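Heads up: the structure comes next, in structure tokens.
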Amino acid sequence: MSRTKEITIHISLWILYITFAIFVYRSYLGSTQSIVFETTGSYLVLIGQFYINAFVLLPLFLGRNKIFIYCASAILLFLFNFTVKYLGGEFLLPFITGKPSSVSELPIVHLALVYSWQLLPFFMYSTGYWLAKKIIRQQKEARVREQVRSENEKLRLENAALRAQINPHFFVNTMEYFRVGIEDTHPEIAEGIAAMTTFVGNSIVSTDESGRISLFNELRAMDSLITIFRQRYPNANIEYTNKVYDDILIIPHVLVAPVENAFKHGSFTGSNNKLAIHIEQTEEDLIFRVSNTKGGLQKDESRGIGMRYIKSQLDKFYPEQYFLKTEDKEGQYNLSLTIQNIMTHGDYLLYN
């Protein structure tokens with residue numbers, strides 16, 4: 001909302017408020033010119049207190065948890081309000097209208113109670129107005145921060161995709177050349193190179209028009225990743241269960257990224273440390289679980305596909321169709337993902 005529009009709304013509301021008050025007072029005090037002057041002047045003072053409280057006292061003191069200073073300032077504001085209204089009612093209004101005000105004969109204690117009662121709603125109005133503005137501002141700032149995070153995430157992913165597109169076929173073909181060259185003399189290293197080539201090749205595979213890839217491609221990348229780490233760490237305690245029988249379409253990285261993160265952040269060497277991976281198909285669902293002992297033996301940088309990105313993709317492609325649960329316990333991290341009805345939805349099936 002523009003500042004001009006906001007000011008116009010405020011002025012219009014205050015005019016309506018004062019006009020209504022004048023009609024109320026005229027109904028039992030009679031129709032006199034002094035009522036109009038007295039009511040208008042009194043409420044203009046109260047409106048001034050509204051803005052002083054909303055734009056000065058609350059932000060400076062209460063908004064900074066200076067409660068004592070705010071209470072003292074509110075008392076001073078009341079005394080100022082009382083002084084202005086008392087002098088106006090006793091001297092200024094009679095001078096302008098030639099008639100005494102409606103409260104000129106009231107005792108000063110009674111006047112203080114009347115003015116306090118009048119001021120209290122305006123303190124409440126201004127406090128509610130300040131809180132509403134504060135909440136709206138915080139929500140706007142939160143949206144801006146989320147937008148910045150989303151833009152940064154998008155930029156990071158675009159940069160990662162750009163790096164992956166820098167002649168990937170040259171890398172794959174070169175690694176395949178090296179694998180063939182050492183296959184007879186160093187079969188284990190050749191196997192590792194083959195796994196790396198498969199992992200990279202399946203990681204950069206093109207999606208179809210719906211943004212999905214073959215589940216078998218995703219699993220080949222996962223198998224290659226497991227092979228690579230088993231070769232790097234011969235005593236790795238990795239438990240891998242694969243009960244997938246039918247190829248279907250799935251969003252890329254949704255399975256490989258959690259496994260890669262488990263290798264990166266987990267500890268899987270030694271009898272007490274284990275990394276467990278389980279994937280299976282039921283008649284309707286796809287079930288995937290990863291569990292690892294926390295430790296983070298690896299110092300390698302992963303592709304950086306975080307769970308926030310994975311969840312955003314799940315929200316986009318499988319809204320209200322998936323269950324994702326993570327447990328970050330002391331010494332243990334568990335992830336469980338179930339995509340419901342993925343096996344029975346005709347649009348997802350590659351083979352019947």
Side-chain angles (χ1 to χ4, degrees), residues 146 149-165 168 172 198-226 228 240-265 276-292 301-327 333-352:
E146 182 61 28
R149 282 197 296 267
S150 298
E151 290 296 329
N152 290 340
E153 180 79 1
K154 180 180 178 181
L155 181 61
R156 185 177 62 79
L157 291 172
E158 288 176 350
N159 289 336
L162 180 62
R163 290 195 300 269
Q165 292 172 4
V172 172
T198 302
F199 176 71
V200 173
N202 284 279
S203 297
I204 61 176
V205 66
S206 298
T207 63
D208 68 352
E209 293 180 355
S210 67
R212 299 175 176 87
I213 63 171
S214 162
L215 173 61
F216 284 0
N217 279 338
E218 184 84 352
L219 292 180
R220 276 193 289 269
M222 184 191 300
D223 293 341
S224 301
L225 187 64
I226 294 172
I228 292 169
Y240 179 35
T241 307
N242 185 335
K243 297 181 179 181
V244 172
Y245 310 104
D246 296 319
D247 199 5
I248 58 175
L249 292 173
I250 193 170
I251 56 176
H253 311 304
V254 69
L255 304 179
V256 173
V259 174
E260 186 178 0
N261 289 335
F263 277 118
K264 179 183 178 184
H265 301 291
I277 305 164
H278 175 81
I279 182 169
E280 67 173 301
Q281 291 172 335
T282 66
E283 291 184 359
E284 298 180 345
D285 307 335
L286 180 68
I287 301 170
F288 174 63
R289 292 191 294 269
V290 179
S291 176
N292 64 271
E301 291 188 4
S302 71
R303 292 168 298 170
I305 300 176
M307 289 308 303
R308 184 151 51 90
Y309 171 75
I310 295 299
K311 189 176 185 305
S312 69
Q313 293 297 94
L314 290 169
D315 289 335
K316 177 180 178 181
F317 286 92
Y318 310 112
E320 300 181 0
Q321 188 184 345
Y322 77 93
F323 292 96
L324 176 64
K325 181 180 179 181
T326 58
E327 294 179 328
Y333 184 84
N334 303 315
L335 180 144
S336 176
L337 171 65
T338 300
I339 304 178
Q340 296 180 317
N341 301 320
I342 193 171
M343 301 302 300
T344 57
H345 198 304
D347 292 342
Y348 296 160
L349 292 177
L350 290 178
Y351 307 108
N352 293 322

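Residue numbers count from 1 along this sequence. Scope of the values below: all heavy atoms of this structure, side chains included, with no hydrogens, waters or symmetry mates. Computed from a predicted model, the values in this text were never measured in an experiment.
When each of Arg289, Lys325, Glu327 is paired with Asn334, the side chain to side chain donor-acceptor pair (under 3.5 Å) condition holds for Glu327 and for no other. With Leu215 as reference, Leu255 is the one residue of Val254, Asp246, Leu255 to meet the side-chain contact (heavy atoms from CB on, under 4.5 Å) rule.
In this view, Asp315 and Lys311, Tyr322 satisfy the side-chain contact (heavy atoms from CB on, under 4.5 Å) rule, not counting sequence neighbours. Applying the side-chain contact (heavy atoms from CB on, under 4.5 Å) test to Lys243 and every residue at least two apart in sequence or in another chain returns Thr241, Tyr245, His278, Glu280.
Contact between Met222 and Ile277 at its shortest, heavy atoms only, is SD-CG2, 4.0 Å. Of all non-hydrogen atoms in Thr282 and Met343, the two that sit nearest each other are O-CG, 3.6 Å. Closest approach of Ile310 and Ala257 over heavy atoms only: CD1-CB, 4.1 Å. Residues Asp285 and Ile342 approach most closely at C-CG2, 4.1 Å, considering heavy atoms.
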>> Test side-chain contact (heavy atoms from CB on, under 4.5 Å) on Tyr333 and Val290; report intermediate values, then the result.
In response: CA-CA 8 Å; Tyr333 184 84; Val290 179; over 6 Å; no
>> side-chain contact (heavy atoms from CB on, under 4.5 Å) for Asn292 and Asn261? Distances and angles first, verdict last.
In response: CA-CA 10 Å; Asn292 64 271; Asn261 289 335; over 6 Å; no
>> Gln340 vs Phe323, test: side-chain contact (heavy atoms from CB on, under 4.5 Å). Steps then yes/no.
In response: CA-CA 8 Å; Gln340 296 180 317; Phe323 292 96; 3.3 Å; yes
>> Val256 vs Glu218, test: side-chain contact (heavy atoms from CB on, under 4.5 Å). Steps then yes/no.
In response: CA-CA 7 Å; Val256 173; Glu218 184 84 352; 3.4 Å; yes
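The CD atom of Gln281 lies 6.0 Å from the CG atom of Leu286; values are rounded to the nearest 0.5 Å. Here the straight-line distance linking atom CZ of Phe317 with atom OG of Ser312 works out to 9.5 Å at 0.5 Å rounding. To the nearest 0.5 angstrom, Asn242 atom CG is 5.5 Å from Leu219 atom CG. Atoms CD and NE2, on Gln313 and His253 in that order, are 9.0 Å from each other to the nearest 0.5 Å.
With no hydrogens or angles considered, a side-chain donor-acceptor pair links Asp247 and Ser214 at under 3.5 Å.
For the pair Phe288/Ile339, no side-chain contact is recorded, criterion being any heavy-atom separation below 4.5 Å from C-beta on. The closest side-chain heavy-atom distance from Ile250 to Tyr318 is below 4.5 Å.
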